[in-house]
Amino acid sequence: MTAPLARFRPTNLIHGADYYPEQWRHVPGIWDADMRLFPEAKLNTATLGVFAWTELEPAEGDYQFAWMDEIMDRLHASGQRVLLATPSGAKPNWMAVKYPEIRRVGENGQREPQGFRHNHCLTSPVYREKVGQINTRLAQRYGRHPALLGWHISNEYGGYCYCPLCKASFRDWLREKYVTLDALNDAWWSRFWSHRYTAWEQIDLIDEYIHGLRLDWKRFMTRQVATFIRQETAPLRQHAPAVPTTINLMGHYDLYDYHELAPEVDFISWDSYPVWHGQESAATPHWQIGLETTFLHDMFRAMKPDEPFLLLETTPSQVNWRPLSPLKRPGLHRTSSLLAVARGSEGVCYFQFRASRGSNEKFHSAVVNHDGGNDTRVFRDVRDLGQLFQKMQPLLGSRARPVIAVLHDYQNRWALQEMQSPINQQKKYFETCLEHYTPFWSLGQGVDVPGQSADFSRYRLIVAPMLHLLLPGTAERLTAFVENGGILVTTYLTGYVNETDLCFLGGFPGPLRKLLGIRAEEYDALPAFRQVPVEPVPGNRLGLAGSWAAKEVCELIHAETAEVIATYAGEFYAGTPAVTRQATGRGAAYHIAARMSPEFLADFTAAILREAGLVSPLPTPLPVGVTAQTRTADDGREWLFLMNFNETPATVPLGPGTWYDLETAQVAPAVIALPAVASCILTNRPLP
Ligand code: GLA
């Protein structure tokens, strides 16, 4: 990063939409209508220019900005700010034909035909140069435009390219990293199945059986995207240094290590498309979608924990790319939007403002649909939220400030994906992180979801589920965290491999063995019909009582110096430790050796929260499916968002203390009645 950070500090809660005026340039009356409908929908921001390259440069070097000049001015006149996109997410046909090297090559070695989008080579110097040229012109022309709020870099970077340029660049990167082939062969354990490389050129296939190679390829591809972003942003920073940049990330996407991309931009955005009302199994309660969406907000926010983030895309109602997309039920639009704000988003934007007339996304919902007016349910939902956002202005600048972290790490996720192991069909890394996160959500405790390279010193409690791969320094930093008074929780499969996927020798959990005071010897893989009871040790220091079930994975551990909190009560390993605690310095490290039932996780989490002295904002337990999330202002004012994600009503007692309702400015009742999928915003000080 060369340029100083531009800060993202909007003066309004952002309420915006992706806007494609170029699709309607030749249709009379549409731009006029749009300039009326934007403010009518209580929107204040338009994302402009995503995929607009052919309209900006219809032939090589023939730049056509007149239409964008006009629409920028008109948006400004109608009270809108603009997030201006760089157009690299879709390349023009003329470019793909003239410069075949910019077209991506698949894993099968075949160059892709021009089609779809997000299909450029990440390495091609020609493509990088073309992007640099158009970005420079955009920056020179619009960098000082009064409507400009920020730069939206490309769109949802994605995919890998396996072309000769990328492979050659990969080999250069490896040379720099390992210096010698011997070092590389050792790091990748490539004598296995006679894969040892004796010349750099032999590194060609991204072989799924060499896990160290696979991890390095993913790191390299992440690096290519990072340098691509750096090249994209350089002219923007040069010509408009005060205008912040962002990239829009995707919820479950894991081809890149997003933590490595975050430093390249000034603020994080993400695109959220949960399957509201459409869960695959009738047995999955609706609130779990709210839970998972909260987790993702917490993950993206934690990529820059001191900065606000932005929910840059969500649908006003349905998407058109899933097998089935139910309409958003009444209340959901408001509640899912407030969830984003509760977790630190400075607003909500939609894909898309006006539904396109043709091609692939014409039946994706939009603020303005094909009838073109404002008399629709979706338009009213959007407008109502915009009106509410106006009332919510006082909370702008407040932050979610969690002191609890549930780690989710991309490189660890890759290692678990690649791993061939006794639990291939039930690795469930993401699901496990979510299971450990659930009790905090249910208790109204705010959580960050950072990776293993995060600054741990900001937390008091860290839960690190299945931290199988330890990057250099992680064990030392976790040790320092505990010594300084932190509480750490690890689980089965922690500390098995190093950065290049080589097993730690001398006993798992490798470099965490001393901190946890245990040695993990082997783990059992349980089929669905077999569960193992786990029982607390009488008089254990957490005060745990009862009995719980372990499922799917049971690690067999020895408590070397750790205190045993619970033991297995079944199978041939009955009586051996299932949960341990090791005190170190001013803190303690717990290890949960088995995949435990939700009941155990609820009991255990409540106990360690007590140990950490972290109290919930409201009397607990909250009703199932209800969460309470807090934003705190610099002056200490709290904004408490109460959200019911059940499709049935719920009541929430507020307990002692006075809360004020943001919408009525009145003292809130002692018990809040929330209808189905509903929300309210409370604050602990009177409203002005
Ligand atoms: C993604 C893209 C948008 C659009 C939406 C549709 O998020 O960024 O361009 O295709 O999906 O849901």
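Excluded from the calculations below are hydrogen atoms, water molecules and symmetry mates; all remaining heavy atoms, backbone and side chain alike, are included. Just so you know, ligand 1 is whichever comes first in the structure, and atom 1 is the first atom listed for that ligand.
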Residue shell for ligand 1, any heavy atom closer than 4.0 Å, reads Phe51, Arg117, Asn155, Glu156, Asp271, Tyr273, Glu313, Trp321, Phe351, Glu361, His364

Would you call the rings of [X] and [Y] parallel, tilted or perpendicular, taking 30° and 60° as the class edges?
| X | Y | result |
| --- | --- | --- |
| Trp217 | Tyr162 | parallel |
| His145 | His76 | perpendicular |
| Trp270 | His297 | perpendicular |
| Trp441 | Trp287 | parallel |
| His277 | His286 | parallel |

Residue set satisfying ring pair (Phe, Tyr, Trp, His ring centres under 6.0 Å) with Phe8, at least two apart, ordered chain then number -> Phe267

